[in-house]
Amino acid sequence: MHNNAMNIELLVVPDCPNTRTAADRLHQELDRLGLHDVTCRTRTITSQAEAEAAHFTGSPTILIDGRDPFAEPGRAPGLTCRMYRTPEGLAGMPTADQLRQALADALRDEPVARHPDR
């Protein structure tokens, strides 16, 4: 199976209050999808230059295979807290359902990415 090929990175600013909760939610949703072998790396972004290089638009940012599934066009990179649009309103991280959907979408998209001529 290709699950262990998935690369997940949690980008945060120092002392982000949502880091632990975001990491826990991410691990829970990976487990729910049966992706027990996928590892998640946490990276702390400490400068504006790092934020720009990583296309980091706030903490926490979840990258799945280098893509931000919750990216909002026009949002500038920066060392800030991030707000996500959820069915309940703005929140400091995506809901479990939103995260599960983003992971499932990435799994579905993976073969397409390997075969761009499709």
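Since this is a predicted model, take the numbers as computed values, not measurements.
- L90 belongs to a hydrophobic cluster whose other members, connected by ILVMFWY side-chain contacts under 4.5 Å either directly or through intermediates, are M83.
- Within the structure, ring-ring contact (aromatic ring centres under 6.0 Å, His included) contacts touching residues 5-26 (residues at least two apart or in different chains) do not occur.
- Pairs passing the ring-ring contact (aromatic ring centres under 6.0 Å, His included) check and including a residue from residues 77-105, sequence neighbours excluded, read F70-Y84.
- Taken from CG in L79 to OG in S47, the straight-line distance is 6.5 Å, to the nearest 0.5 Å.
- With sequence neighbours left out, the side-chain contact (heavy atoms from CB on, under 4.5 Å) criterion links Q28 to no other residue.
- Not counting sequence neighbours, the partners of E9 by the salt bridge (charged side-chain N to carboxylate O under 4.0 Å, His left out) test are R41, R43.
- With rounding to the nearest 0.5 Å, the separation of CD1 in I64 from CG in L103 is 4.0 Å.
- Applying the side chain to side chain donor-acceptor pair (under 3.5 Å) rule to T61 yields the partners R82; only residues at least two apart in sequence or on another chain are considered.
- Closest approach of Q48 and P77 over heavy atoms only: NE2-O, 3.1 Å.
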Verdict with supporting geometry, Q101 and D105, side-chain hydrogen bond (donor to acceptor under 3.5 Å, both in side chains): CA-CA 6 Å; Q101 186 63 53; D105 288 349; 2.7 Å; yes

Stepwise, does the side-chain contact (heavy atoms from CB on, under 4.5 Å) test hold for M6 with L107? CA-CA 8 Å; M6 185 181 278; L107 279 176; 3.6 Å; yes

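- Here ring-ring contact (aromatic ring centres under 6.0 Å, His included) pairs that include residues 41-61, with residues two or more places apart or in two chains, number zero.
- I45 and A51 get closest at one heavy-atom pair: CG2-N, 3.6 Å.
- Legend: residues meeting side chain to side chain donor-acceptor pair (under 3.5 Å) with Q98, ordered by chain and number and at least two apart, are T95.
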One pair to check against side-chain contact (heavy atoms from CB on, under 4.5 Å): T39 and I8. What are the steps and the verdict? CA-CA 7 Å; T39 56; I8 298 182; over 6 Å; no

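- Taking hydrophobic clusters as Ile, Leu, Val, Met, Phe, Trp and Tyr residues chained together by side-chain heavy-atom distances below 4.5 Å, L63 does not share a cluster with L26.
- In this structure D31 satisfies the salt bridge (charged side-chain N to carboxylate O under 4.0 Å, His left out) test with no other residue, sequence neighbours excluded.
- Every residue was checked against the side chain to side chain donor-acceptor pair (under 3.5 Å) condition with R25, not counting sequence neighbours, and none meets it.
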Distance-only donor-acceptor pairs under 3.5 Å for side chains of residues 10-22, two or more places apart:
unit_1 : atom_1 : unit_2 : atom_2 : d
T19    : OG1    : C16    : O      : 3.3
R20    : NE     : D24    : OD1    : 3.1
R20    : NH2    : D24    : OD1    : 2.8

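- Remark: R75 engages no residue in a side chain to side chain donor-acceptor pair (under 3.5 Å) (not counting sequence neighbours).
- For CZ of R100, the number of neighbouring non-hydrogen atoms (other residues, nucleotides, ligands) closer than 6.0 Å is greater than 12.
- To the nearest 0.5 Å, atoms OG1 (T57) and CD (E52) are separated by 12.5 Å.
- Note that CG of L35 and NE2 of H27 are 12.5 Å apart. Values are rounded to the nearest 0.5 Å.
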